[in-house]
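These notes concern the structure reproduced below.
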Amino acid sequence: MDSQRYRVIVSGELLPGYNADTAVAAMAKIFETPNDTLRGLLDGNEHVVGQGLSAEDALELQSRLDSIGARCRVERIVVAIVVVAVVVV
């Protein structure tokens, strides 16, 4: 089982040929959230829209967002483990 986790990031831009109102309405259905709340996702800035996802779920969300014109990407979440050694004298 793959324990690696991923996040989906919307770039804030539409893919060429897509309409913002149509994309926002489609995102509202995907995220089950009102249109007005999601309009900010297309403001030209990056936004994380999925966090801690399996690779399969992240790729599925990316595919759905691409299909409605929301430019996005999947990133692997890197977890740093810090080991601290304590020496008692």
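Closest approach of Gly50 and Leu61 over heavy atoms only: CA-CD2, 4.3 Å. For the pair Pro34 and Ala28, the tightest heavy-atom approach, listed with the atom from each and the gap, is C-CB, 4.4 Å. Ala70 and Met27 make their closest contact through CB-SD, 4.3 Å (heavy atoms, listed as atom of the first residue, atom of the second, distance).
For residues 14-34, the pairs satisfying side-chain hydrogen bond (donor to acceptor under 3.5 Å, both in side chains) are Asn19-Thr22, Asp21-Arg39, with sequence neighbours left out. Pairs of residues two or more places apart, or lying in two chains, never qualify as salt bridge (charged side-chain N to carboxylate O under 4.0 Å, His left out) while including a residue from residues 80-89. Every pair passing salt bridge (charged side-chain N to carboxylate O under 4.0 Å, His left out) that includes a residue from residues 73-89 is listed here, sequence neighbours excluded: Arg7-Glu75, Glu46-Arg73, Arg73-Glu75. Sequence neighbours left out, the pairs with a member in residues 53-72 that pass salt bridge (charged side-chain N to carboxylate O under 4.0 Å, His left out) are Glu13-Arg71.
The structure places CG of Leu15 at 9.5 Å from OG of Ser67, a figure rounded to the nearest 0.5 Å. Separation of atoms CD1 (Ile77) and OH (Tyr6) is listed at 9.5 Å; rounding is to 0.5 Å.
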For residues 80-89, please give each side-chain donor-acceptor pair under 3.5 Å, one per line with the distance, not counting sequence neighbours.
none

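A 4.5 Å side-chain heavy-atom check between Val24 and Asp36 finds every atom pair outside the cut-off.
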Handout entry: side-chain contact (heavy atoms from CB on, under 4.5 Å) evaluation trace for Leu53 with Val74
Key = CA-CA 10 Å; Leu53 303 172; Val74 173; over 6 Å; no
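Residue Val48 shares its hydrophobic cluster (ILVMFWY side chains chained together at separations under 4.5 Å) with Ile9.
Evaluation of the side-chain contact (heavy atoms from CB on, under 4.5 Å) rule for Ala25 yields Asn35 as partners, not counting sequence neighbours. Val10 pairs by the side-chain contact (heavy atoms from CB on, under 4.5 Å) definition with Val49, Leu65, Cys72, not counting sequence neighbours. Under the side-chain contact (heavy atoms from CB on, under 4.5 Å) criterion, Ala23 pairs with Leu14, Leu42, not counting sequence neighbours.
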